[in-house]
Every structure is written in C-alpha cells, then in structure tokens.
Trainee: 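Got a structure for you, written out below as structure tokens; questions coming shortly.
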Amino acid sequence: MSALAELPPVTDCAVTGCGFNHDHDCHAAAVTIAGARGDAACVTFIPLGTKGGLDTVLAHVGACQRTDCVHNADLECTASEIRVGAGGSAADCLTYSGQA
C-alpha cells in the first residue's frame, strides 16, 4: 500500500452537486473509483446540499476498482493525478483510459 502522499491527487472536481466539492476541490480524505466497463464512476460522490469532508484535506485516489484502466496496478491508481467530472454517470474519473 502506498503512503497517502504518494497516491495521485484529485486535482479538479467539476461535480458541484457533490457534498465533498468545495470550489472544484474534493475535500474527501480519499476517493474510490469503480463503475461498469467503459464508465469509471467516483463512488465517493454524495449528492447532498450539506458540505462534508475536511477543509484542510484535498482528496487522493484511495482505491481503483477499474482493473481495465491503463493506470491501474494492483487496484491502485498510477496516474500522476486525476480529474473528476460528469461522464457516463454524475461523477466519473475523467483520467480513466481503458486498455486496448
């Protein structure tokens, strides 16, 4: 398991309806990416009007269940950073890239 500082950060989140989104920054301690083939959903997404998370924390990718992504190694993300936004679902990892 990587140390938190080594995990890829969530550098942008365009999903303003998520309780962890504060001005396009994700304030969850870590996010999990899952979803079905062709869709890499951020399953940490919470559609609430109440803001959550920690003001001093910016999220990292804690786990990635998308084993078909080129950035996945042993269920951890190896991308240098990820962006989250609308895709196949309300909140997707826009850095996701399926293997050929």
Side-chain angles (χ1 to χ4, degrees):
M1 180 69 154
S2 298
L4 182 60
E6 297 171 348
L7 297 173
V10 177
T11 58
D12 180 60
C13 179
V15 185
T16 57
C18 180
F20 290 112
N21 187 322
H22 297 256
D23 298 321
H24 292 270
D25 287 328
C26 180
H27 285 265
V31 300
T32 298
I33 305 300
R37 183 169 272 302
D39 177 39
C42 175
V43 296
T44 308
F45 168 70
I46 297 178
L48 296 176
T50 303
K51 294 297 180 187
L54 303 170
D55 288 337
T56 60
V57 173
L58 294 180
H60 289 76
V61 181
C64 180
Q65 299 174 8
R66 296 314 323 251
T67 58
D68 61 327
C69 181
V70 298
H71 302 293
N72 190 312
D74 300 322
L75 302 177
E76 290 194 17
C77 182
T78 62
S80 59
E81 62 187 37
I82 73 160
R83 293 176 14 266
V84 175
S89 58
D92 281 356
C93 175
L94 302 179
T95 310
Y96 166 81
S97 180
Q99 297 177 3

Trainee: Please report the closest heavy-atom contact between A34 and V43, naming both atoms and the distance.
Mentor: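 Nearest heavy atoms, A34 then V43: CB-CG1, 3.6 Å.
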
Trainee: Considering non-hydrogen atoms only, spot the tightest contact between A79 and T95 and give its length.
Mentor: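 It is CB-CG2, 4.1 Å.
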
Trainee: Examine distances only and state if a side-chain atom of T32 and a backbone atom of T44 form a donor-acceptor pair shorter than 3.5 Å.
Mentor: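 Side chain of T32 to backbone of T44, a donor-acceptor pair under 3.5 Å: no, none is there.
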
Trainee: Looking only at heavy atoms, what is the nearest atom pair of G98 and V70, with distance?
Mentor: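 Closest approach of G98 to V70: O-CG1, 3.9 Å.
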
Trainee: Does the side chain of C13 reach to within under 4.5 Å of the side chain of H24, using non-hydrogen atoms?
Mentor: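 Result no, sub-4.5 Å side-chain heavy-atom pair not found.
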
Trainee: Filter on ring pair (Phe, Tyr, Trp, His ring centres under 6.0 Å), then keep only pairs touching residues 26-55, sequence neighbours left out; what's left?
Mentor: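 Output for this query lists H22-H27.
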
Trainee: Mind checking salt bridge (Lys or Arg N to Asp or Glu O under 4.0 Å) for D68 and listing every partner two or more places apart, or none if nothing turns up?
Mentor: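 Counting only residues at least two positions away or on another chain, D68 forms a salt bridge (Lys or Arg N to Asp or Glu O under 4.0 Å) with R37, R66.
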
Trainee: If you measure from SG on C26 to CG on L58, what distance do you get to the nearest 0.5 Å?
Mentor: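 It comes to 8.0 Å.
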
Trainee: Does S89 have any side chain to side chain donor-acceptor pair (under 3.5 Å) partners at least two apart in sequence or in another chain, and if so, which?
Mentor: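 Side chain to side chain donor-acceptor pair (under 3.5 Å) list for S89, sorted by chain: D92.
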
Trainee: Which residue pairs pass the side-chain hydrogen bond (donor to acceptor under 3.5 Å, both in side chains) test when at least one of the two sits in residues 45-54, sequence neighbours left out?
Mentor: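 Every candidate side-chain hydrogen bond (donor to acceptor under 3.5 Å, both in side chains) pair involving residues 45-54 fails, so no pair, neighbours aside, qualifies.
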
Trainee: List for me each residue that meets side-chain contact (heavy atoms from CB on, under 4.5 Å) alongside L75, sequence neighbours excluded, and say none if there are none.
Mentor: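 With sequence neighbours excluded, L75 shows a side-chain contact (heavy atoms from CB on, under 4.5 Å) to T67, N72, given in chain and number order.
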
Trainee: Write out all pairs satisfying salt bridge (Lys or Arg N to Asp or Glu O under 4.0 Å) with one or both partners inside residues 9-30, taking only residues at least two apart or from two chains.
Mentor: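 Those involving residues 9-30 do not exist here.
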
Trainee: Less than 4.5 Å apart, side chain to side chain, heavy atoms only: is that true for I33 and C77?
Mentor: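 Sidechains of C77 and I33: no contact.
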
Trainee: Donor-acceptor pairs are to be reported for all side-chain atoms of residues 80-87 against protein atoms at under 3.5 Å, with residues two or more places apart or in another chain.
Mentor:
none

Trainee: Checking the side chain of S97 only, and the main-chain atoms of C69 only, is there a donor and an acceptor separated by less than 3.5 Å?
Mentor: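 Judged by distance alone, no pair lies under 3.5 Å.
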
Trainee: Can L7 be reached from Y96 by stepping across I, L, V, M, F, W or Y side chains whose heavy atoms are under 4.5 Å apart?
Mentor: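 Result: no, two separate clusters.
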
Trainee: How would you list, by chain and number, every residue that makes a side-chain contact (heavy atoms from CB on, under 4.5 Å) with L54, sequence neighbours excluded?
Mentor: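 Counting only residues at least two positions away or on another chain, L54 forms a side-chain contact (heavy atoms from CB on, under 4.5 Å) with V57.
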
